[in-house]
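First up is the structure itself, then whatever we jot down about it.
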Amino acid sequence: DGGITQSPKYLFRKEGQNVTLSCEQNLNHDAMYWYRQDPGQGLRLIYYSQIVNDFQKGDIAEGYSVSREKKESFPLTVTSAQKNPTAFYLCASSRRQGALNTEAFFGQGTRLTVV
Amino acid sequence: AQSVTQLGSHVSVSEGALVLLRCNYSSSVPPYLFWYVQYPNQGLQLLLKYTSAATLVKGINGFEAEFKKSETSFHLTKPSAHMSDAAEYFCAVSVPTGRRALTFGSGTRLQVQP
């Protein structure tokens with residue numbers, strides 16, 4: 001089945017540690033996105049990528065980093081510089097924006113907790 | 001820049017009653033508009049989308065939404081609520097120029113009372 005796979009589903013991190021969240025898609029989509037979800041704030045865009053080897057900062061990129069070396073993969077690293085990393089992280093993909101049918105398809109999310 | 005406002009962070013209806021979830025958008029160019037649903041600890045699932053074809057859009061699970069340019073609205077409705085409709089609903093906007101990513105509203109949690 002085609003879709004987006006995020007792993008792990010739950011992740012615990014000690015303060016001061018970097019951690020990487022995995023996101024893989026087999027939908028042959030050009031664009032991929034990372035969103036952060038906090039209660040009452042909806043989804044906020046962290047980073048997005050329209051093509052391989054290119055990505056742009058979203059609204060809350062500080063303390064995060066990404067790479068896009070392959071079309072299928074868009075890992076997100078939460079660094080120790082992120083002051084409040086506990087949240088639900090959602091990865092999504094879509095055809096390149098500007099085309100028809102530009103809805104985003106979402107993974108099941110990773111819940112990150114700092115302990 | 002585009003934005004979305006969802007009025008009402010919590011909406012409660014009785015089973016069988018009309019569901020109305022409000023969404024207003026702001027965009028300097030004709031937008032694409034979407035409604036997503038999220039069940040606890042899961043990702044988002046697309047309910048319906050408006051991409052400049054028919055202004056009344058029908059989606060899954062009996063939901064529909066009407067694009068009203070004059071009111072900059074895209075409210076979500078369902079004639080008769082079911083217990084399984086209890087979830088969080090997000091309205092989102094994207095535009096074919098500028099930043100090419102969905103911008104989401106803050107969400108509305110729908111509660112369905114028996």
Side-chain angles (χ1 to χ4, degrees), chain A residues 3-10 23 25 29-51 54-61 66 74 87-113, chain B residues 1-11 21 23-25 27 29-54 57 59-60 65 74 87-109:
Chain A
I4 301 175
T5 301
Q6 290 187 242
S7 60
K9 188 169 177 66
Y10 299 95
C23 179
Q25 56 101 357
H29 285 165
D30 292 306
M32 297 187 74
Y33 315 84
W34 276 106
Y35 289 89
R36 170 178 169 146
Q37 185 177 16
D38 297 280
Q41 298 194 48
L43 279 70
R44 293 182 291 167
L45 183 66
I46 304 172
Y47 270 99
Y48 63 107
S49 167
Q50 294 292 316
I51 55 173
D54 188 43
F55 47 83
Q56 289 78 41
K57 293 182 179 180
D59 298 317
I60 56 167
V66 293
F74 192 40
F88 191 52
Y89 291 87
L90 287 160
C91 178
S93 71
S94 73
R95 299 185 190 183
R96 189 176 301 184
Q97 290 289 316
L100 293 176
N101 301 318
T102 53
E103 69 265 29
F105 293 80
F106 282 81
Q108 292 299 294
T110 293
R111 186 166 297 282
L112 173 63
T113 304
Chain B
Q2 65 270 24
S3 66
V4 169
T5 301
Q6 291 185 241
L7 294 176
S9 59
H10 290 82
V11 170
L21 304 182
C23 173
N24 288 88
Y25 69 92
S27 173
V29 299
Y32 300 140
L33 294 160
F34 307 83
W35 275 100
Y36 284 86
V37 61
Q38 183 183 36
Y39 298 99
N41 292 313
Q42 293 189 23
L44 277 67
Q45 179 184 5
L46 181 70
L47 278 176
L48 48 81
K49 62 181 180 183
Y50 166 77
T51 56
S52 75
V57 181
I60 63 171
F74 191 58
E88 189 152 24
Y89 292 81
F90 292 95
C91 183
V93 63
S94 73
V95 295
T97 58
R99 188 175 85 174
R100 301 187 173 192
L102 289 173
T103 298
F104 284 85
S106 57
T108 298
R109 185 166 298 278

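With a threshold of 4.5 angstrom between heavy atoms, A:Q56 does not approach chain B through any atom at all. Only the side chain of B:Q38 has a heavy atom closer than 4.5 Å to any heavy atom of chain A. Using a 4.5 Å cut-off between heavy atoms, A:D38 makes no contact with chain B at all. Residue contact with chain B, scored on non-hydrogen atoms closer than 4.5 Å, involves the backbone and the side chain of A:L43 alike. With a 4.5 angstrom heavy-atom cutoff, A:Q108 touches chain B via backbone and side-chain atoms both. Of the two parts of B:L46, only the side chain, counted from C-beta on, holds a non-hydrogen atom closer than 4.5 Å to a non-hydrogen atom of chain A.
By number of non-hydrogen pairs under 4.5 angstrom with chain B, the leading residue of A:K9, A:Q37, A:Q41 is A:Q37. Contact count versus chain A (heavy atoms, under 4.5 Å) is highest, among B:Q42, B:E88, B:Q6, for B:Q42.
Between A:Y35 and B:F104, the angle of the ring planes goes over 60°, which puts this pair in the perpendicular group of the 30/60° scheme. A parallel orientation is assigned to the rings of A:Y48 and A:Y33, their planes being inclined by less than 30° (bins at 30° and 60°).
Taking 4.5 Å as the limit, every side-chain heavy atom of B:K49 sits out of range of all side-chain heavy atoms of B:F74. The side-chain heavy atoms of A:Y10 and A:T110, taken from C-beta on, include no pair separated by under 4.5 Å.
For the atom pair CZ of A:F106 and SG of A:C91, the computed distance is 9.0 Å after rounding to the nearest 0.5 Å. Note that the CD1 atom of A:I51 and the CG atom of A:D30 stand 8.5 Å from one another [nearest 0.5 Å].
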